[in-house]
There are 2 protein chains.
Amino acid sequence: MKKNITIYDIAKEANVSPSTVSRVLTGNERVKPVTKQKVDAIIEKYNFRPNSLARSLLYKQSKMIGIILPDINHPFFSTLVQKSEAHALSLGYTSFLCNSMNDTDVESTYLQNLIDKQVDGILFLGGRINQVATDPKLAEEMNRIMDRVPVVFVNGEMAGVDAHVIQTDEKEGITNVIDLLHNLNHQRIAFLGGEQGVTSREVKVNAFKEALARHHLPIHEQWIMNEGFDIESGEELANHLLYLNEKPTAIVCVNDFVAIGVIKTLNKFGIRVPEDISVVGFDDIYLAKDFPPGITSVSQNYEELGKTAVDVLVKLINGESAKKKSTVPTKLQLRNSCQLAKREEVDKE
Amino acid sequence: MKKNITIYDIAKEANVSPSTVSRVLTGNERVKPVTKQKVDAIIEKYNFRPNSLARSLLYKQSKMIGIILPDINHPFFSTLVQKSEAHALSLGYTSFLCNSMNDTDVESTYLQNLIDKQVDGILFLGGRINQVATDPKLAEEMNRIMDRVPVVFVNGEMAGVDAHVIQTDEKEGITNVIDLLHNLNHQRIAFLGGEQGVTSREVKVNAFKEALARHHLPIHEQWIMNEGFDIESGEELANHLLYLNEKPTAIVCVNDFVAIGVIKTLNKFGIRVPEDISVVGFDDIYLAKDFPPGITSVSQNYEELGKTAVDVLVKLINGESAKKKSTVPTKLQLRNSCQLAKREEVDKE
DNA sequence: CTGTTAGCGCTTTCAT
DNA sequence: ATGAAAGCGCTAACAG
């Protein structure tokens, strides 16, 4: 391994002082063209690059941001993170991606680590900021972190933590779904998936009930079931649903994974989607269009969500003020998993 | 934002010298218990953490590694990266995840960036190390990088670059697949997907042909088609296949995404999987078991692949020697997308 | 236009 | 057991 070359080495070989090399490097101050060329040649020759750690130490900014997320394997997060990372890079920031696997201890470890590494700011997704009931210990920790660097929450909040927030308009998304189903004459609608106490479920359930009420549709509490956010949860919940003797004509799912699980189970029992039951998902992950029959889903505006989050964070880093709460609209993506309610089903009600 | 607190602040408040605080921090040298307690109390009080940039500057190691990957949205990579990141963390290394989106320019940018940030080592996946024909410019760049920090390639190689390599035994995987299909009496087998010139396809195609030959099965060149690695490619290729008047009884796909696309198209034309045509994928992404009818696939040993890669990298970082080339075995995951070839098809041959 | 100097925050000899 | 001083690589005054 080559010895680490420094501006001193360059300076010596060019017969100039380190400051001159530094000036050439930063371009902040004038250097005589001849000198500059000489220095540039040697830099080129050794393929020299300034140590950005040393710079960061001096500038007191590292041009690094941390992104804490609960699961990189989930298409929602991987897509969002990819957009965020790309935008951050275009702004000169390198990202530390930190996979917490939804474990608050891991989150804490990473938060600490990011602070130690002197990141300029942190983007926080999922995990502790998604709990309806905030753990005061975790909030307190969050606040201590925020004393040191700006933090932006994406799709979450914490009681007692006054962070900037970027949010998908989940309520709007679900409302549109119910409007659609209502227009398709569905009257018996279920909501499946998510975990109790996790906001991204609670917000949706509330919007769901509100929209049903507005359309004077019945709310069957036994059709509102939670379990988790993954495919297996969808399978299990659909199983439960099929035990009941009254069955819905449409199922709204907390996300596309759950929708996939639900469709799998329904199909297993010979129930066709959408002919017998309509199913709607949320997130519009890239699979939604490929999983048969093509899942109607609420599309998150990943690009805008990620971009906005990074923009707000960078503003805060630069000491500028930013909107405390930004909401990003959704878009209903129509596919084949929904259709008009069957006539006889409508008559039943 | 709180002023950045340093060991000097701690030292002053504790009436000791900065060196003493440092000693308490590192624990490398003895400090009188009373003094230590006093210092610890103040550290606690201010929630002080040493600036790891300053440390890195001194120690000449940053405890950061870079991971360059082509697409974080692809389950193969997201799973692998997650395993690698977790293992690295357990070894005290924080990871920079760098999404190149398969763009060699972006790769170069990131490589540079990682060097600047003084990472201790780099894990390289996909992209330029997956080309059968290595671009000399890119190889040269790679070599310059390797002069500075250790680099480990995962599932790839570059002509003229003498890097350590961790590889999935793709040949073994495909060979097992053909053995399976042969045992199921398939004689007419196609290979779909991948891009010409990309090793992870070429290796598989070669293994495919070799295995067919070994079983004295015919190789139909028109059934070996490439296009890409995504779902759309699978759909398109299946379309092409259906134009031909001779059709295979089984299709081996370069990966699970292609298999999903193939199944989608076959189903669209009323061809059932596995009743009419058997399909096999590769990677065993988490969807393989969920996409109907459940895709038989070659499972990559993500855990071991990631762990081995990180272990080798860390060895190199520590100046230890490591095996130049490690191969990780695969495991055939049987599901429902393959079955015995239909009798009449067998007779046809 | 360029060199000298000090200092970012930390650790580590070398003294005491 | 502890303090003083030097230095990691770099840049920004301050001189000249």
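Keep in mind that this is a model prediction, so the values were computed, not measured. Numbered from 1 within each chain, the chains take letters A, B, ... in sequence-line order.
Running 5' to 3' along DNA chain C, contacts with non-hydrogen atoms of chain A at under 4.0 Å begin and end at dC1(C) to dG9(C).
Leu80(B) and Gly306(B) make their closest contact through CD1-N, 3.5 Å (heavy atoms, listed as atom of the first residue, atom of the second, distance). Closest of all the heavy-atom pairs between Lys117(B) and Leu53(A) is O-CD1, 3.5 Å. Scanning all heavy atoms of the two residues, the minimum distance from Ser17(A) to Ala11(A) falls at C-CB, 3.7 Å.
Side-chain atoms of Thr134(B) never come within 3.5 Å of backbone atoms of Pro136(B) as a donor-acceptor pair (strictly under, hydrogens ignored).
A ring pair (Phe, Tyr, Trp, His ring centres under 6.0 Å) check over residues 109-154 of chain B, counting only residues at least two apart or in different chains, returns nothing.
Between Asp120(B) and the choices Pro150(B), Ser62(B), Ser56(B), the side chain to side chain contact (heavy atoms under 4.5 Å, CB included) rule is met once, by Ser62(B).
Between Gln61(A) and Tyr93(A) the shortest side-chain heavy-atom distance falls below 4.5 Å.
Rounded to whole Å, atom P of dA1(D) lies 15 Å from atom CD of Gln37(B). In this structure, Asp9(A) atom CG and dC8(D) atom P are separated by 11 Å, rounded to whole Å.
The residue Thr35(A) sits close only to the backbone: its heavy atoms come under 4.0 Å of sugar-phosphate atoms, none of a base. Residue contacts shown for Ser52(B) are absent, as no nucleic acid heavy atom lies under 4.0 Å away.
By the salt bridge (Lys or Arg N to Asp or Glu O under 4.0 Å) test, Arg23(A) is found to be paired with Glu29(A), residues two or more places apart in sequence or in another chain being considered.
For the helix from dC1(C)-dG16(D) to dT16(C)-dA1(D), the angle separating the two terminal helix axes comes to 50°, with each axis derived from five pairs and the value rounded to 10°.
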Contact letters for nucleotides 11-16 of chain D, in which S counts primed atoms plus P, OP1 and OP2 and B counts the base, heavy atoms under 4.0 Å: BBB---

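In terms of phosphate contacts, Lys60(B) brings a side-chain nitrogen or oxygen within less than 4.0 Å of OP1 or OP2 of dG9(D). Side-chain N/O atoms of Thr20(B) include one lying less than 4.0 angstrom from OP1 or OP2 on dG3(D).
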Verdict with reasoning, Thr26(B) to Arg55(B), per side chain to side chain donor-acceptor pair (under 3.5 Å): CA-CA 11 Å; Thr26(B) 62; Arg55(B) 274 187 169 172; over 6 Å; no

Residues 310-318 of chain B, side-chain donor-acceptor partners within the protein, below 3.5 Å, at least two apart:
| residue | atom | partner | partner atom | Å |
| --- | --- | --- | --- | --- |
| Asp311(B) | OD1 | His87(B) | NE2 | 2.7 |
| Asp311(B) | OD2 | Lys307(B) | NZ | 3.0 |
| Asn318(B) | ND2 | Val314(B) | O | 3.3 |

